[in-house]
Amino acid sequence: MRIMAITGKIGSALFGVMAIWLMMSTAQARVTVYLENDLKVTFSSGSFDSRNFNGEMQDVAIFVDNHQLLTADEIEVETSGEAGTVDHVIRLLRMKNVFFDDIPLSIKEIFIQDMASEFFMNFTEQTAHMNAITDTSNFTLTGAAYSANGVSMTLDRLASLPFTFGSLANGDPFITKLGVEVENMIITPLQNRGAFAQFISATGEPDLTLNMTQTQMNEIRDGVVSSDMVLKTTMNSIGNLDAQLGV
C-alpha cells in the first residue's frame, strides 16, 4: 500500500509538471512580428512574411504603440509591390470575427480587394487615393455590431459599388462613378429618452431599419470637376428618403 501511495504521488507530480510545461509551451508558441509605424502583429498559428505582408494567421492581435487595437480569429492577406511604396497593393485581405478594443464594435468579416495600402495610411493625400483604386477594387463588410451611448446598431452588409474610370488630359485616371450600398442597418434605442428614442417610439416600431444606396458621379466640365451625389434610403414603416446634391 505504501508503495502504491508513493507511486500515486509521483504520478500526480509528473502530471502537474507536464501540465505546467504544456501551458508554458502554449504561451511561448505565440508569434510576434514587428512592422513599420510602431505596428505589431501577434498570432498563435499560421505564417506571415513581414517583407511583403503576405500570410494566413489564426488567433491574431494587432497593436499600435504596444496598445492592442483589435483581435481577429483569422486574417488572410496577399499583396504585391514593395511594402512602404505607392506600388504596394492589397490584392486580397480577409479578416474574420474582428473585435476592436477601444470601441464597442465587432465585425464578422472584412474583405478588401485590389486597393493600394496608401489609401488607408494617408487620408490627406488625394493623389494617393486616386491611384489606390482601380476598376477591380472593392470592399465588403458583413455582420457588424455596435452598442454605445444608449443605442445599438447591427449591419448585415456594407459594400462598395463598382468603380468606373475616365482619364484626365495628362492621362491620369479619373473616377467617374463610385458608391456604397448598405443592407439592413438596424438601429435600436437602449434607453427611453433622447430625441432619437422619442422619434422611434412615435413610429410604433422597436427600431429603425435602413437600406441605403449612395452614388457619386463625377465629370469635368470646362476644366472644372462636377459631382452629382444621389442618396436613396428606405426606412421600415416610415417611408423613403431620396436626395440629390450637385457640387
Side-chain angles (χ1 to χ4, degrees), residues 59-62 64 67-76 90 92-115 119-120 123 129 133 136-164 175-218 226-247:
D59 184 21
V60 189
I62 297 178
V64 176
H67 175 75
Q68 183 167 291
L69 182 67
L70 61 86
T71 61
D73 286 354
E74 297 179 26
I75 294 181
E76 177 186 1
I90 300 171
L92 181 146
L93 173 62
R94 181 179 286 109
M95 305 173 68
K96 293 185 177 180
N97 295 326
V98 181
F99 293 86
F100 292 85
D101 281 59
D102 294 336
I103 53 176
L105 173 65
S106 64
I107 303 172
K108 288 186 178 179
E109 184 174 79
I110 299 172
F111 177 83
I112 298 172
Q113 178 179 321
D114 292 343
M115 298 186 75
F119 181 84
F120 305 97
F123 291 100
H129 289 188
I133 302 171
T136 59
S137 300
N138 69 85
F139 68 86
T140 305
L141 180 154
T142 57
Y146 172 85
S147 180
N149 302 318
V151 174
S152 74
M153 183 276 294
T154 61
L155 173 67
D156 285 357
R157 183 174 176 269
L158 181 150
S160 62
L161 297 174
F163 295 92
T164 60
I175 299 178
T176 57
K177 186 176 181 180
L178 67 158
V180 65
E181 184 177 39
V182 175
E183 295 181 5
N184 290 330
M185 176 188 287
I186 302 176
I187 307 173
T188 306
L190 301 178
Q191 301 172 351
N192 293 322
R193 65 171 186 263
F196 179 70
Q198 294 173 5
F199 170 74
I200 295 300
S201 177
T203 67
E205 296 287 337
D207 51 47
L208 176 65
T209 301
L210 298 175
N211 286 278
M212 181 175 64
T213 301
Q214 179 180 334
T215 57
Q216 178 177 331
M217 285 74 69
N218 306 314
S226 173
S227 297
D228 288 320
M229 289 164 278
V230 178
L231 176 67
K232 294 182 178 294
T233 304
T234 60
M235 297 170 281
N236 63 312
S237 300
I238 298 176
N240 301 335
L241 173 63
D242 295 340
Q244 183 168 351
L245 174 66
V247 178

Trainee: For D59, is there any backbone N or O sitting under 3.5 Å from a side-chain donor or acceptor partner on D73?
Mentor: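 Not confirmed, D73 side chain does not pair with D59 backbone.
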
Trainee: Could you state the interatomic distance from CG (L208) to CD1 (I200), rounded to the nearest 0.5 Å?
Mentor: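 That separation rounds to 4.5 Å.
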
Trainee: Could you state the interatomic distance from CG (L210) to CG (L241), rounded to the nearest 0.5 Å?
Mentor: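 Interatomic distance, L210 CG to L241 CG, rounded to 0.5 Å: 9.5 Å.
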
Trainee: Counting C-beta onward and ignoring hydrogens, is there a side-chain heavy-atom pair between L245 and L231 closer than 4.5 Å?
Mentor: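 The answer is no; the side chains never approach within 4.5 Å.
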
Trainee: I107 and T142: which non-hydrogen atoms are nearest, and at how many Å?
Mentor: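 Result for this residue pair: CG2-O, 3.5 Å.
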
Trainee: Do Y146 and P104 have side chains that get closer than 4.5 Å, going by heavy atoms?
Mentor: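 With C-beta onward as the side chain, the pair touches.
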
Trainee: If you measure from the Lys or Arg side-chain nitrogens to the Asp or Glu carboxylate oxygens, is any gap between E109 and R94 under 4.0 Å?
Mentor: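 Salt bridge between E109 and R94, a charged N being under 4.0 Å from a carboxylate O: yes.
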
Trainee: Flag yes if more than 12 heavy atoms outside D228 fall under 6.0 Å of its CG atom; otherwise flag no.
Mentor: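 Yes, the 6.0 Å shell around CG holds more than 12 heavy atoms from other groups.
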
Trainee: Yes or no on side chain to side chain contact (heavy atoms under 4.5 Å, CB included) for I75 and I62, after CA distance, side-chain angles and deciding distance?
Mentor: CA-CA 11 Å; I75 294 181; I62 297 178; 4.1 Å; yes

Trainee: Mind checking the CD-CE spacing from E74 to M95? Nearest 0.5 Å is all I need.
Mentor: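 One finds 11.5 Å between CD of E74 and CE of M95.
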
Trainee: Any pair with a residue in residues 145-158 that passes salt bridge (charged side-chain N to carboxylate O under 4.0 Å, His left out), sequence neighbours left out, goes on the list, sorted by first then second residue, please.
Mentor: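 Qualifying pairs, neighbours excluded: R157-E181, R157-E183.
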
Trainee: Heavy atoms only: give me the nearest F99-N97 pair and the separation to one decimal.
Mentor: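 Where F99 meets N97 most closely, the heavy atoms are CD1-O, 3.5 Å.
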
Trainee: If you apply the rule side chain to side chain contact (heavy atoms under 4.5 Å, CB included), what do you find for I238 with F199, and how did you get there?
Mentor: CA-CA 11 Å; I238 298 176; F199 170 74; 3.9 Å; yes

Trainee: Between CZ of F139 and CD1 of I112, what distance do you get to the nearest 0.5 Å?
Mentor: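 CD1 of I112 is found 8.5 Å from CZ of F139.
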
Trainee: Could you check if a side-chain atom of N138 sits within less than 4.5 angstrom of a side-chain atom of F163, using non-hydrogen atoms only?
Mentor: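 No, every pair of side-chain atoms sits at 4.5 Å or beyond.
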
Trainee: Would the distance check show the side chain of D207 and the main-chain N or O of I186 forming a donor-acceptor pair, the cut-off being under 3.5 Å?
Mentor: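 No; judged by distance alone, with no hydrogens or angles, the pair does not exist.
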
Trainee: Take N218 and L178 through the side chain to side chain contact (heavy atoms under 4.5 Å, CB included) test and state the conclusion after the steps.
Mentor: CA-CA 9 Å; N218 306 314; L178 67 158; 3.8 Å; yes

Trainee: Without swapping roles, check the side chain of T140 against the backbone of A159 for a donor-acceptor pair under 3.5 Å.
Mentor: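 No, because the side chain of T140 does not come within donor-acceptor range (under 3.5 Å) of the backbone of A159.
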
Trainee: Is T209 reaching over with its side chain to a backbone N or O of N236, donor-acceptor style, under 3.5 angstrom?
Mentor: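 Pair absent, no side-chain N/O of T209 close to backbone of N236.
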
Trainee: Considering non-hydrogen atoms only, spot the tightest contact between T213 and L161 and give its length.
Mentor: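 Heavy-atom minimum between the residues: CG2-CD1, 3.9 Å.
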
Trainee: Return the minimal non-hydrogen interatomic distance between Q216 and S227, and the atom names on each side.
Mentor: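 It is NE2-OG, 3.6 Å.
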
Trainee: With a 4.5 Å heavy-atom cut-off, do T71 and V98 have their side chains touching?
Mentor: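 Heavy-atom side-chain distance check fails, nothing below 4.5 Å.
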
Trainee: Is it the case that D114 and S137 place a side-chain donor and acceptor less than 3.5 Å from each other?
Mentor: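 No.
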
Trainee: Minimum heavy-atom separation for M235 and N240, please, with both atom names.
Mentor: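 Closest heavy-atom pair between M235 and N240: CE-C, 4.5 Å.
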
Trainee: Can you give me the closest heavy-atom contact between S147 and L190, atom names plus distance?
Mentor: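 Taking S147 first and L190 second, the nearest heavy atoms are OG-CD1, 3.4 Å.
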
Trainee: Between CG of L141 and NZ of K108, what distance do you get to the nearest 0.5 Å?
Mentor: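 These two atoms lie 12.0 Å from each other.
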
Trainee: Are I110 and L93 packed together at the side-chain level, in the sense that at least one heavy-atom pair is separated by less than 4.5 angstrom?
Mentor: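 In short, these two side chains do not touch, never coming nearer than 4.5 Å.
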
